[in-house]
There are 2 protein chains.
Amino acid sequence: MEPEQSAAILKQLKLKVTPRRQEIMNCLGREQSYLSADEVWERIKPRLGSIGLPTVYRILDELAEAGVITRIFLSDRKQNYFLCANQEGHHHHFVCESCRRVEDVEQCGLEGVSRDIARRSGGRVTSHILQINGICGSCCQGHAGAAP
Amino acid sequence: MEPEQSAAILKQLKLKVTPRRQEIMNCLGREQSYLSADEVWERIKPRLGSIGLPTVYRILDELAEAGVITRIFLSDRKQNYFLCANQEGHHHHFVCESCRRVEDVEQCGLEGVSRDIARRSGGRVTSHILQINGICGSCCQGHAGAAP
DNA sequence: CATATAAATGAAAGTTATTTTTATTTATAG
DNA sequence: CTATAAATAAAAATAACTTTCATTTATATG
């Protein structure tokens, strides 16, 4: 992720463009997989001299609330975050349980569900969580049958 | 949930049929909304005389892993659990952000996604998380516009 | 450019959900 | 009934995450 892009995203969110925020976005943007708050911290510390862990938590939470980064749900309770190169258009993610790589899943098909809920019960849909888990192509080939 | 049903479910999972496990399933089965481990603990303590909190955590985790109960994802990091009366057929849940009630969502439409991933990248889908959040019908009517 | 101000961050301490460990108890197969 | 493997209690530990408040910094405005 280019510095200009992260700056633009932050400005759009009415957040100040600070080195910490940009560095966190750059760090996640370099990865094709998700990272925990702790992992982000370890990676950006040398680049910034120093940064407090609460700052990392705060920024990750802000960006996730704003929808810039995606929370990845795993069986351990830790929160993990992924910054998708594709910042446009509603889509979801396929998460490889073996190598942690995240791929886009274009198909969503939840517009129909929202309509159904509204029609059936008079309710209103505000958000949804969709995450596909599995073994990615290269992991399937690399060690066929090694899936958990 | 009837005692016979919980016993049958536990036997099918090769888990011992213990009073603690049954009481936890009964407790969740009585609710139309999700509960945290702590809430389950408070509710079953008087019925069992005493039970340790780690036991509650262990049993909830077992049942969730087995797919008998569903983890509900909220913005606070706490784990919450829901036991669906409908134990047959693949489906998902609509969670009311206002009253915590959980309703079934029959439509899923993820079979196509699995096929797509397999075709496009050679990957394999093992599971998926889908949760619809919103305001349920009665909350919408009860206090129209009171949604967060 | 200078500066006022609201937002952002650091540092340290605190909170709490969740887990681990080990000894004891209990469900169940035979 | 009895053996045994699984389940539970109790207490302590862990670690993810938050809070607080003093200090610093980005940025709007003159």
Side-chain angles (χ1 to χ4, degrees), chain A residues 3-4 6-27 34-66 68-69 71-81, chain B residues 3-4 6-27 34-66 68-69 71-81:
Chain A
E4 306 87 45
S6 52
I9 290 172
L10 290 171
K11 275 177 186 155
Q12 200 179 347
L13 298 174
K14 308 245 159 104
L15 295 173
K16 287 188 180 176
V17 180
T18 67
R20 268 100 239 259
R21 286 194 175 124
Q22 287 192 286
E23 203 57 64
I24 285 178
M25 293 176 77
N26 289 342
C27 170
Y34 55 83
L35 295 175
S36 68
D38 206 64
E39 287 167 338
V40 170
W41 189 47
E42 291 296 342
R43 289 175 196 225
I44 62 178
K45 258 193 294 191
R47 292 172 157 262
L48 285 166
S50 92
I51 176 172
L53 191 50
T55 302
V56 177
Y57 275 103
R58 205 182 315 112
I59 292 174
L60 288 173
D61 202 50
E62 279 168 359
L63 295 175
E65 283 300 309
V68 177
I69 62 180
R71 289 184 217 274
I72 302 293
F73 298 95
L74 302 177
S75 49
D76 66 2
R77 326 287 192 185
K78 289 192 205 173
Q79 295 279 337
N80 286 274
Y81 300 91
Chain B
E4 307 86 42
S6 52
I9 289 173
L10 290 171
K11 275 177 185 153
Q12 198 179 346
L13 297 174
K14 307 247 158 104
L15 295 174
K16 288 186 178 176
V17 180
T18 66
R20 266 103 237 258
R21 286 192 176 128
Q22 286 191 286
E23 203 57 64
I24 285 178
M25 292 176 78
N26 290 343
C27 169
Y34 56 83
L35 295 175
S36 68
D38 206 64
E39 287 168 337
V40 170
W41 189 46
E42 291 296 342
R43 288 176 196 223
I44 62 178
K45 260 193 293 191
R47 293 172 156 262
L48 285 166
S50 92
I51 176 173
L53 190 50
T55 301
V56 176
Y57 274 100
R58 204 183 318 110
I59 292 174
L60 288 173
D61 201 50
E62 280 168 0
L63 294 175
E65 283 300 310
V68 177
I69 62 180
R71 288 185 218 275
I72 302 293
F73 298 94
L74 302 177
S75 49
D76 66 2
R77 326 288 193 185
K78 288 193 205 171
Q79 293 282 336
N80 287 273
Y81 299 92

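None of these values were measured; they are calculated from a predicted model. In the text below, chain A, chain B and the rest are named by the order of the sequence lines, each starting its count at 1.
Between A:R58 and D:dC17 there is no side-chain polar atom (N or O) within less than 4.0 angstrom of OP1 or OP2. The side chain of A:K78 contributes an N or O atom lying less than 4.0 Å from OP1 or OP2 of D:dA16. Neither OP1 nor OP2 of C:dT19 sits under 4.0 Å from any side-chain N or O of B:Y57. Between A:T18 and the phosphate of C:dT9, there is a side-chain N or O to OP1/OP2 separation shorter than 4.0 Å. At the phosphate of C:dA8, OP1 or OP2 sits under 4.0 Å from a side-chain N or O atom of A:R21.
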>> With side-chain contact (heavy atoms from CB on, under 4.5 Å) as the criterion, how do B:V68 and B:M25 come out once you've worked through the C-alpha distance, each side chain's angles and the decisive distance to 0.1 Å?
In response: CA-CA 9 Å; B:V68 177; B:M25 292 176 78; 3.9 Å; yes
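As rounded to whole Å, 15 Å separates atom P of D:dT25 from atom CD1 of A:I59. The separation between B:I24 atom CD1 and D:dA7 atom P is 13 Å, rounded to whole Å. Here the P atom of nucleotide C:dA6 and the CG atom of A:L15 are 17 Å apart, to the nearest Å. Taking atom CD of A:Q79 as the reference point, atom P of D:dA16 lies 12 Å away to the nearest angstrom. Going from atom CG of B:L48 over to atom P of D:dA10 covers 13 Å, rounded to whole Å. The interatomic distance linking A:K14 (NZ) with C:dA6 (C1') rounds to 15 Å, in whole Å. Distance A:I51 CD1 to C:dA11 P: 11 Å, rounded to the nearest Å. If you measure from atom CG of A:N80 to atom C1' of D:dC17, you get 14 Å, rounded to the nearest angstrom.
Under the 4.5 Å side-chain criterion, counting only non-hydrogen atoms from C-beta, A:L63 is in contact with A:L10. Side-chain atoms of A:Y34 and A:L74, non-hydrogen and from C-beta on, do get closer than 4.5 Å to each other. Contact annotation: the side chain of A:V56 approaches that of A:I44 to within less than 4.5 Å [non-hydrogen atoms, C-beta and beyond].
Side chain of B:R71 to main chain of B:A64: no donor-acceptor pair is present (N/O by atom type, distance under 3.5 Å, no hydrogens or angles).
Toward the 5' end of DNA chain C, the nearer of the two residues B:K16 and A:L53, judged by each one's closest nucleotide, is A:L53. Take the nearest nucleotide of DNA chain D for B:P54 and for B:E62: the residue whose nucleotide is more 5' is B:E62.
Among the heavy atoms of the strands, none lies under 4.0 Å from B:S36.
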